[in-house]
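In each ligand, atom 1 is the first atom listed, and ligand 1 is the first ligand listed.
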Amino acid sequence: MSNPAERNGLLIVFQPEGRRGVFPKGITILAAAKDLGIDLASICGGMGLCGKCKVVIRSGGELLNPLTSSEMKCLEPGEIKAGFRLACQARGVSGGRIVVEVPEQSRSGKQRLLVEGRPVEVELEPAVRELVIEVSKPTLEDPLADFERLLKSTGLSELDQVDLQVLRELPAALREGGWSVAVIVHTKRGILMVRPARSSRGLYGFAVDIGTTKLAGYLIDLRTGKVLSVASSPNPQIPYGEDVISRIAYASRSDENLEELHRVIVEGVNKLIEDACRSAGVDASEIVELVAVGNTLMHHLFLGLPPKYLAASPYPPVVRRALDFRASDLGVRILPSGNVHMLPNVAGFVGADAVADVLATGIHRSRELCFVIDVGTNTEIVVGNMSGMYSASCASGPAFEGAHIKFGMRATSGAIERVWIDPSDLSVQYQVIDDVKPKGICGSGIVDALAEMLNAGVVDTMGRIVTRESQRVREGSDGPEFVIAFKEETAIGKDIVITQRDVRELQKAKAAMYTGASIVMKEAGVGVRQIKKVYIAGAFGLYIDPSSARRIGMIPPFPLHIISQVGNAAGTGAKIALTSLRKRLECGEIVSKMRYIELAAHPDFQQEFLAAMYLPHLELDRFGDMVEKMDNLTVSNKHKALLERLMRRENRKPKCDDQTCGSPIKNG
Ligand code: FES
């Protein structure tokens, strides 16, 4: 006999956890899972596109809506027969009890998140100073008010603003400290706190990189500059949409949605602060400043600013300049009167994270021409040096994070992260994170797999899987596919394959990155040979093999010896801005020197993108010597004809000779 709650609503039980809850009719299984904290992948944010949220309905299937068209596309007939549904599509329509099983391959798992960046030495001079001063006691002859008395003693008499909380706590601090106090002063915001000088409280700062996919935070002792602890977590907004466009769409639907995304990200940052403080044994109220970086959308959502116009031409952000706020006004749980500093944005899609990348790599101070690519769901590209920089952002999408790839997964335990294919017999060797049986394949493995398939002649330059005499190349339910691991070797009881559709997704993602790089370099008037340093930043950027990335044409054919993989450069930039006021001020200079290129509106975009869809590129000459080493690469006459047609249509300036053309950026 069901209880009243079950009769009026839906009791949903998740197995194997056994977690359960009563929900109103109309709720999706995905929303119920989120509410109960069940680990369930939802890479497309519940739009019915990625097919990663598969669950098995063990009982109560009749209480759900009929299969949707998305489910008909994403589920195989055998899965439908076995009771599989997409959690984001299955909705409870009648009251009763539903038992749902979440299979292993639908779990997102604990993500391997890169938080470390290249260490950079900076002179410690934070925006917050601690002054220990003796204040004269008031007397009948000198009855000056406490605050004015304090200002007189600190030499800060010109200070024209005061925090109310500081005033409330001032009388006690002066008297408890015997008129000897420590005054915490912020360059922009004035006095943040006054406490008795003998109190043994610390002076800490927190730097946070708010990525579309992950958050990384660093707790820093502002007296020594030492990083005390590091914390990371997936961005809690992922269930609302994997990429920036789906999150803009969600936030723009209603004020409540925007408020929800704002609340979720602030809570995510607060959780990061808690984790970092716990592991360092620090009280969060001793953190006096937080510096945040992120792309323009993350910046806007963290501040609760409407992102609607970021998605519509000419893509203006609400604000570009650096900003400072009282922590409690944003709901950030550090010292309530502490400061939250946001680094400046460049434009609608190039945000403070790109500014932080530049600060960390120091290309704005370099005489040599540099190329920075921060690889992620949104990829930022910056080309230039001390005389000027050009930047763009490409919607590379989440394919390299495993989305839209049949066996794609994040870089977590059980993900294939390296692949080698022997061209003679197509035998495959692979390396799995944590050395366990594989469950799927993550970004670095996907790049390797495609590069190796190209090298072994399993795919041609157009990205077609080519028929070969091998049990690994076969016709699957989605067309031709290549088997990376047979089911006996895997943890999911299925073969792990790269399908023709996967190859197409990867071609689109890599073409977006290459097109961005190519157009930015063209606008900057520089060629591959003029670039002297290449920095690949970002979590995924650290794990990919640069030679594989180059082989598939994800990046231009830079010599390997000039490529450095710098890890989380945006996080490093945030740390630098937290510990050095001088460096923080350089961010304004970086923004003023950086020209933003709107790729989608660029006249060459379409043909560049089409040409970059080829592996490695339609114009093989661009890949010069490298191509000669790839025996299986040929360009057919048909390709050449297509190229010629494209070139005829092209209305481009005379071709620039790498060595001689006049670049708008001076090469030192
Ligand atoms: S298909 Fe359900 S979350 Fe993507």
* E608 and Y514 side chains, donor-acceptor separation under 3.5 Å -> no

* **Contacting atoms of ligand 1, where contact means under 4.0 angstrom from a heavy atom of G46** => 3 (S)

* Structure fact -> So the atoms of ligand 1 within less than 4.0 Å of a heavy atom of C88 turn out to be 1 (S), 2 (Fe), 3 (S)

* Is C74 close enough that one of its N/O/S atoms sits under 2.8 Å from atom 2 (Fe) of ligand 1? -> no

* Asked: Using a distance-only test with no angle check, is there a side-chain donor-acceptor pair under 3.5 angstrom linking N295 and T212?
  -> yes

* Do we see a donor-acceptor contact under 3.5 Å between the side chains of D478 and T499? -> no

* Cut-off 3.5 Å, side chains only: do Q507 and Y614 have a donor facing an acceptor? -> no

* Structure fact -> For C53, the ligand 1 atoms with a heavy-atom partner under 4.0 Å come out as 1 (S), 2 (Fe), 3 (S)

* Taking only heavy atoms of G48 into account, list the atoms of ligand 1 that are under 4.0 Å away from them. => 1 (S)

* Asked: Do we see a donor-acceptor contact under 3.5 Å between the side chains of S444 and E417?
  -> no

